[in-house]
Every structure is written in structure tokens, then in C-alpha cells.
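Written below as C-alpha cells is the structure these notes are about.
The sequence lines fix the lettering, A, B, ..., with proteins before strands; numbering per chain opens at 1.
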Protein chains: 2
Amino acid sequence: MAENKKLTLKDIARALNISVSTASRALKAHPDISDETIRTVKEYAEKHNYVPNALAINFRKSRTFTIGLIVPELVHHFFSTVISGAIDAAKKMGYSVLVSQSNDVLQDEITACRTMLASSVDGLLISISNETVEGNHILEFIHEGKPVIQFDKITDQLQTPKVIVDDFEGAYQAVKHLIETGYDKIAHLRGRREVKNAMERALGYEKALKDFHKEFHEDWVKECKLINEQEGYDFAKALMESQNPPNAIFCITDLVALGAINYLKEAGIKIPQEVGIMGFSNWKLAEIVNPSLSSVDQHGYQIGEKAAEMLIEKIQNQDVSSHETVELKTNLVLRESTNLSQK
Amino acid sequence: MAENKKLTLKDIARALNISVSTASRALKAHPDISDETIRTVKEYAEKHNYVPNALAINFRKSRTFTIGLIVPELVHHFFSTVISGAIDAAKKMGYSVLVSQSNDVLQDEITACRTMLASSVDGLLISISNETVEGNHILEFIHEGKPVIQFDKITDQLQTPKVIVDDFEGAYQAVKHLIETGYDKIAHLRGRREVKNAMERALGYEKALKDFHKEFHEDWVKECKLINEQEGYDFAKALMESQNPPNAIFCITDLVALGAINYLKEAGIKIPQEVGIMGFSNWKLAEIVNPSLSSVDQHGYQIGEKAAEMLIEKIQNQDVSSHETVELKTNLVLRESTNLSQK
DNA sequence: CTGTTAGCGCGTTCAT
DNA sequence: ATGAACGCGCTAACAG
């Protein structure tokens with residue numbers, strides 16, 4: 001079956017009647033070694049299909065060329081896109097990626113961190129769970145000299161480099177576009193105040209209204225707790241049935257927007273003529289839903305790429321103390337749920 | 001900064017004035033060691049937060065408690081669901097998961113395999129790319145005594161255990177349901193003949209028609225090459241504009257079904273009254289699309305779980321030669337795109 | 001240019 | 001019940 005017995009340096013050395021260290025150096029073309037020896041050793045290694053024992057190397061150098069990646073949810077368009085970008089970038093730099101999920105449960109996140117630490121990843125990429133506040137489990141990496149980079153869902157409590165999307169600007173542009181295409185009564189289905197991304201989007205929304213001198217009402221801002229379709233539906237209903245219904249709704253997320261769309265369709269309210277709907281995240285569903293949904297694209301793939309690149313750089317420079325923040329720009333993807341042209 | 005200097009057995013031994021081997025044995029409560037020593041050592045280890053060096057252990061035992069997982073595409077509802085299941089199951093059994101994607105490109109798959117082999121995973125979970133035929137790169141794992149399990153997209157060319165969904169039965173049930181709810185002219189947008197899953201679904205479709213004595217026409221079976229929305233749209237159009245249009249379409253995948261739905265809506269053909277649409281895979285979009293799509297659920301999470309469990313079992317039993325196939329049942333999820341009740 | 005030696009942290013004989 | 005010694009495979013400091 002398994003013709004294991006992997007060839008080791010020792011075998012090569014014995015076969016060629018040289019010392020193990022010479023063999024080792026020859027294989028990496030060390031300048032001290034004569035060209036001839038190098039050739040001989042390399043030929044022999046090639047011929048007998050020598051594969052260095054990665055475990056021994058890892059042990060010796062105490063690093064694994066593996067990075068950890070923890071997200072709240074794996075089955076999620078945005079996060080799987082980020083993962084995809086991170087894996088591709090890591091691969092290019094010779095690293096593998098250990099993936100885990102926290103299910104937005106702090107305890108699971110802690111466990112995942114421990115496991116990653118135990119499997120000796122060289123660094124960590126993490127988007128924290130909703131429950132995470134202090135993050136000692138994450139600091140442990142830093143203590144062990146392993147860089148950590150936060151992305152998307154971050155906390156400023158932890159001094160690490162961060163890769164995020166400019167939520168404020170994304171929201172601002174989205175609302176600005178709504179205004180420019182003729183909507184003047186714009187509501188916002190926001191997320192919880194404790195979540196940074198949600199806060200930023202809400203601030204961008206407010207700023208745009210202010211800059212363009214549009215109405216702002218507390219009543220037009222509804223706080224979603226679960227960020228799901230049902231909430232979108234319910235709040236859209238509440239808004240439209242209120243005294244002073246808006247003519248556009250800017251939603252914290254596409255899923256919430258979907259719920260809003262469903263309500264509007266059910267109520268026979270025309271999209272985008274009577275009410276415009278703007279989502280955020282540009283998930284697959286934005287293309288699929290009917291009418292298709294205008295949304296703010298977050299470039300998940302690039303976030304993953306950038307974060308992985310930064311992390312690996314830090315690893316290679318043994319830099320565990322810097323904490324710059326990279327903010328990637330979003331861009332607006334216009335579809336049928338909002339007016340297209342200027343009014 | 002980094003107060004590294006991790007505690008080693010040697011440190012403990014020196015501190016407690018015992019030998020390294022005693023310390024080692026005490027920590028795992030070896031029967032030879034006196035209870036008192038055990039207690040002392042454990043206490044000391046606890047107090048000073050001793051963490052065994054995983055790298056050293058891996059090296060010594062030449063295994064890593066890590067499994068590899070390669071899928072064609074990461075940003076894909078079904079595969080991310082499988083990954084989720086695999087990671088959760090692996091975690092329960094004390095394993096981590098290294099994830100990679102092939103993009104359905106053979107060369108990428110080969111690279112991914114090499115990387116995984118180099119990072120010394122203990123076993124491999126793989127859903128092969130469309131381009132994969134022989135799979136020597138996968139056999140290498142077996143040669144090294146590392147079990148491999150194929151799932152979903154598999155090839156019988158490789159003698160490994162497999163975890164798949166019963167595509168034949170799933171398709172059969174789906175078509176049977178269409179028949180039982182009144183459709184008698186059922187078309188099928190199938191996948192390529194070279195792809196096993198596609199073949200099974202097509203066979204299930206044919207068998208159901210035969211068993212219930214329904215019309216079968218070559219013209220009603222269209223082969224999708226790309227399995228995308230556009231093909232669904234185009235083929236649905238072709239079918240409906242033909243001499244003998246069907247009154248139901250069974251689609252190889254939800255995405256194709258989406259295209260078909262879009263065409264029918266555009267053409268003003270009523271779903272499900274005039275034409276019923278059945279998808280396959282039960283992706284997120286099936287719930288979201290309008291009308292929502294009846295589909296065959298593949299239980300991706302369970303596939304991932306089962307595959308990971310089996311793999312880890314094989315690893316633990318050093319079983320690299322068995323090749324049983326586990327076939328999980330699908331189940332039909334009925335929504336608005338098909339008739340509900342018996343006619 | 002090449003070989004010798006030592007050691008990474010741990011587990012495992014083999015002694016005692 | 002405990003310790004000494006060895007080795008996993010590889011690298012690197014130190015000789016020559």
C-alpha cells in the first residue's frame with residue numbers, strides 16, 4: 001500500500017557519502033558548497049524524489065506557514081468572498097489558511113482561537129463576533145509574537161492593524177445618490193448602535209441628509225436587532241403606514257432591503273417610482289431579487305486579499321506592534337430598486 | 001511586547017528538580033508516576049501556564065491534527081455549507097481544517113494538493129474540479145498513508161471513500177412530485193454527460209417518466225454547459241417556443257431554474273399554473289426568488305459533517321484502503337414554483 | 001569547501 | 001517510581 005519511508009537528508013548523505021549538513025546546504029545552494037556537490041546532491045534528490053519533512057522544518061523554525069482565519073459565519077456571501085480573497089492571496093505568498101467560524105458566539109470564538117494557537121498558526125485574521133468586547137483571547141496571539149489583523153467587524157479596543165470598508169463614505173454616497181435622483185424623504189433601517197459598521201453607516205446617512213438639507217426624523221430611523229428579512233418587512237410596513245411616510249429607504253443590509261421590497265410589493269407600492277430602496281453589501285441576492293436591488297459593494301474579495309497580505313507581511317517582519325487601519329472604498333451598484341437618472 | 005519564552009518540559013523539570021521524562025509522564029498521569037509527583041507537576045504546569053509545544057509533538061508523532069479541504073469554489077452556497085459542516089465536525093473531534101479552492105481548474109487543484117501535502121495535513125476532503133480526470137495528485141496522499149475522501153463532485157476513477165447525495169433518487173422524487181401534482185409534459189435542463197451528478201439526475205428524471213408512463217422527448221432535454229442563469233433563460237425560451245412545449249421544467253440547478261423563471265415571467269407564462277419549475281440544490285436564492293422555487297435539498301452541512309467524521313476515523317484507524325460510498329438522501333422543499341396539492 | 005557537533009521539545013526505551 | 005539517553009529531521013555555529 002503505502003510505500004512511505006520518505007527519503008531524508010540522512011539517506012541522501014549516506015548514499016552520496018557526504019555529511020548531512022553538506023546535503024542540507026547543497027540543496028539550498030549555499031555559497032560555501034562547490035557547484036559540483038550541489039549538482040550531485042540536487043540530482044540525487046530529484047531522482048529519488050526527496051521531499052523535505054515539513055514538520056521537522058516547522059519545528060526547527062517554529063513557524064508553520066499557516067495563518068488562521070476566523071469569521072462569524074461561513075455560510076454567508078460576504079464572508080465567503082473575504083475568505084476566498086484571503087486564501088488566494090495567502091497561496092500566492094506560500095501560506096495556507098486554517099478556517100474557523102464563531103457563529104457570533106463568544107465562547108466559540110475563544111475556542112477557535114485556542115485551537116489555532118495550538119495548531120501554531122503564524123498569525124490571525126479575524127472578524128469578531130457580536131459578543132466580543134475585550135478580546136483577551138485575541139491578545140494571546142500578540143503575546144506569543146503572532147500578528148493579528150482584524151477585518152470588517154472590528155473593535156477599537158484591540159490595538160491591531162485593521163482592514164475595513166469605509167462604511168461612512170459608502171452610506172454617504174448611497175444616500176447622496178438617492179437624493180440626487182429625486183428622493184427627498186429618506187428613511188434608514190439601521191443596525192445596533194454597539195456595532196461599529198452600523199454606526200458608521202448611520203452617521204453617513206445623517207451627514208448626507210444634513211449636507212443636502214433634507215428632512216431628518218428620528219421616526220425614520222429604525223434599529224434592526226437581527227438584521228433579517230422579517231425586520232425589513234416589519235419596519236418598512238411601519239414606515240409606510242406612518243403619518244409621514246418616506247419615499248426611499250436606505251437599508252443596513254441587502255437582506256433587510258429584501259424584506260422591505262417584499263412588503264412594498266405586497267402593499268402595491270411601486271419600486272422605484274413611489275419608493276426607492278437601497279441595500280448595503282451587494283450580495284448575490286441583490287441581482288436576483290425582483291426588482292433587482294441597488295446596493296453598496298464592499299469588495300469582500302479585496303478585503304480578504306489585503307488583510308492576508310498585510311498579515312503575512314507582518315509575520316515576515318515580526319511586526320506585532322503596529323496598528324494602522326486600511327480603509328477600502330466601497331462602490332455603488334445601481335439596479336432597478338432606485339431611480340437611475342437625475343431628476 | 002512579546003513575553004514569549006514559552007515554558008518547556010525542561011523548565012518544569014529544572015524548577016521541580018526532577019527529570020524531563022518524569023515531568024512528561026506526570027503530565028499525562030502515567031501509572032508509573034507517584035500521585036504526589038503527578039500532583040506537584042500538574043500544579044506547577046497549571047500555575048505557570050504550561051502549553052505543550054504543538055510543533056514538537058506534531059514532529060515527533062508526524063501528524064498535525066489538521067485535515068485539508070478542497071472545493072471547486074468557495075463563494076458558493078452549497079460548498080460553503082459543506083465547509084461549515086466539515087469544520088464543525090472536525091472541531092468536535094479535535095481537528096482543524098485547511099481550506100483551499102481549485103476554481104475548477106486542474107492546475108490549481110494540483111497546486112492546492114501539493115501545498116496541503118507540504119503542510120502535512122493528516123488527510124484530505126476533496127470535491128474535484130470539472131477538469132480532473134485521473135487524479136495522481138490525489139493518489140499521492142494515499143501513497144503517503146493519508147486517507148482521502150471525495151464528496152459531491154467525485155470520480156470513480158479514484159478508489160477512495162465517497163460521500164455523495166443520492167442524485168438519482170432526488171431527481172426521481174422531484175419529477176415524481178411534478179407528475180403527481182398534475183404536470184404531464186416535463187422537460188429537463190440537464191448538465192454535461194461527463195459530470196456524474198448531472199448524469200444521475202438525468203437518469204432519475206427519465207426513470208420517473210418511464211415509471212409513470214409520461215411522454216419523453218429528446219427535444220425536452222437540453223444540456224447546459226455552463227449551468228448558469230442565461231442558459232436557463234435561453235433553454236426555457238427554446239422549449240416554450242417549440243412545437244410541443246412542456247408544462248414543467250426540472251432544472252439541474254437553482255440558478256438555471258432562476259433563468260427559466262425569469263423567461264417565463266417575461267413571457268407572461270404563469271408559474272406554477274401554466275408551467276411548473278423545479279430546481280435542485282435548494283440554495284438561498286430558492287427562497288428569495290419570486291415566485292419562490294421548489295427545489296431538492298442536498299443537505300450540504302450533513303455532507304460536510306459526515307465526510308469529516310469519516311475522514312478522521314480513517315486517519316485514526318490508519319485506514320487508507322477502504323472505499324465505501326455513503327449516499328445521503330435529499331429531500332424535496334416545496335415552494336411556489338410548483339403546484340402544491342395533488343391534482 | 002566540508003564535516004562535526006549540538007540542539008529545537010517531546011516521547012520512549014532502557015536502566016536503576 | 002524515577003532518570004539518563006536517544007532520536008525524530010533539520011539547521012546552524014563552529015571547526016578545520
Could you tell me whether B:Leu55 contacts a base, only the sugar-phosphate backbone, or nothing, with contacts defined as non-hydrogen atoms closer than 4.0 Å?
nothing
Can you check whether A:Thr22 has a side-chain N or O nearer than 4.0 Å to OP1 or OP2 of C:dG3?
yes
Atom pair distance, as rounded to whole Å: CG in A:Asn58 and C1' in D:dC8:
14 Å
State whether B:Glu43 and B:Arg39 are salt-bridged, where the test is any N-O pair (Lys NZ or Arg NE/NH1/NH2 against Asp/Glu carboxylate O) under 4.0 Å.
yes
Heavy atoms under 4.0 Å, any strand shown: does A:Val20 hit a base, just sugar-phosphate, or nothing?
base
Find the distance A:Arg14:CZ to C:dT4:P and express it as a whole number of Å.
14 Å
Nearest whole Å is fine: how far is D:dC8 P from A:Leu9 CG?
12 Å
Quick one: B:Asp32 CG to D:dA1 C1', roughly how many Å, whole number?
7 Å
So, does the side chain of A:Ser21 form a donor-acceptor pair with the base of C:dT4 at under 3.5 Å?
yes
May I ask you to say whether B:Glu309 pairs ionically with B:Lys92, meaning some side-chain N is under 4.0 Å from a carboxylate O?
no
Before accepting this row, confirm whether a basic side-chain N of the pair A:Asp11/A:Lys6 lies closer than 4.0 Å to the acidic partner's carboxylate O.
no
In this structure, how many angstroms lie between the P atom of D:dT11 and the CD1 atom of A:Ile12, rounded?
11 Å
Could you give the CZ-to-P distance, from B:Phe59 to D:dG7, as a whole number of Å?
13 Å
Value in whole Å for how far the P atom of C:dG7 lies from CZ of B:Arg60:
19 Å
Can you tell me if the side-chain N/O atoms of B:Tyr50 get under 4.0 Å from OP1 or OP2 in C:dC10?
yes
Using OP1 and OP2 only, check whether a side-chain N or O of A:Lys10 sits under 4.0 Å from D:dC8.
yes
B:Lys28 NZ to C:dG11 C1', in whole Å, measures 7 Å
Taking donor-acceptor contacts at under 3.5 Å, does the side chain of B:Arg25 reach the base of D:dG3?
yes
Residues A:Lys314, A:Glu324: salt bridge by 4.0 Å N-O rule:
yes
Need one value for B:Ser62: base, sugar-phosphate or nothing, where a base atom within 4.0 Å counts as base even if backbone is also close, heavy atoms only.
nothing
C:dG11 phosphate, OP1 or OP2: any side-chain N/O from B:Ser24 under 4.0 angstrom?
yes
Between B:Asn53 (side chain only) and B:Leu55 (backbone N and O only), is there a donor and an acceptor less than 3.5 Å apart?
yes
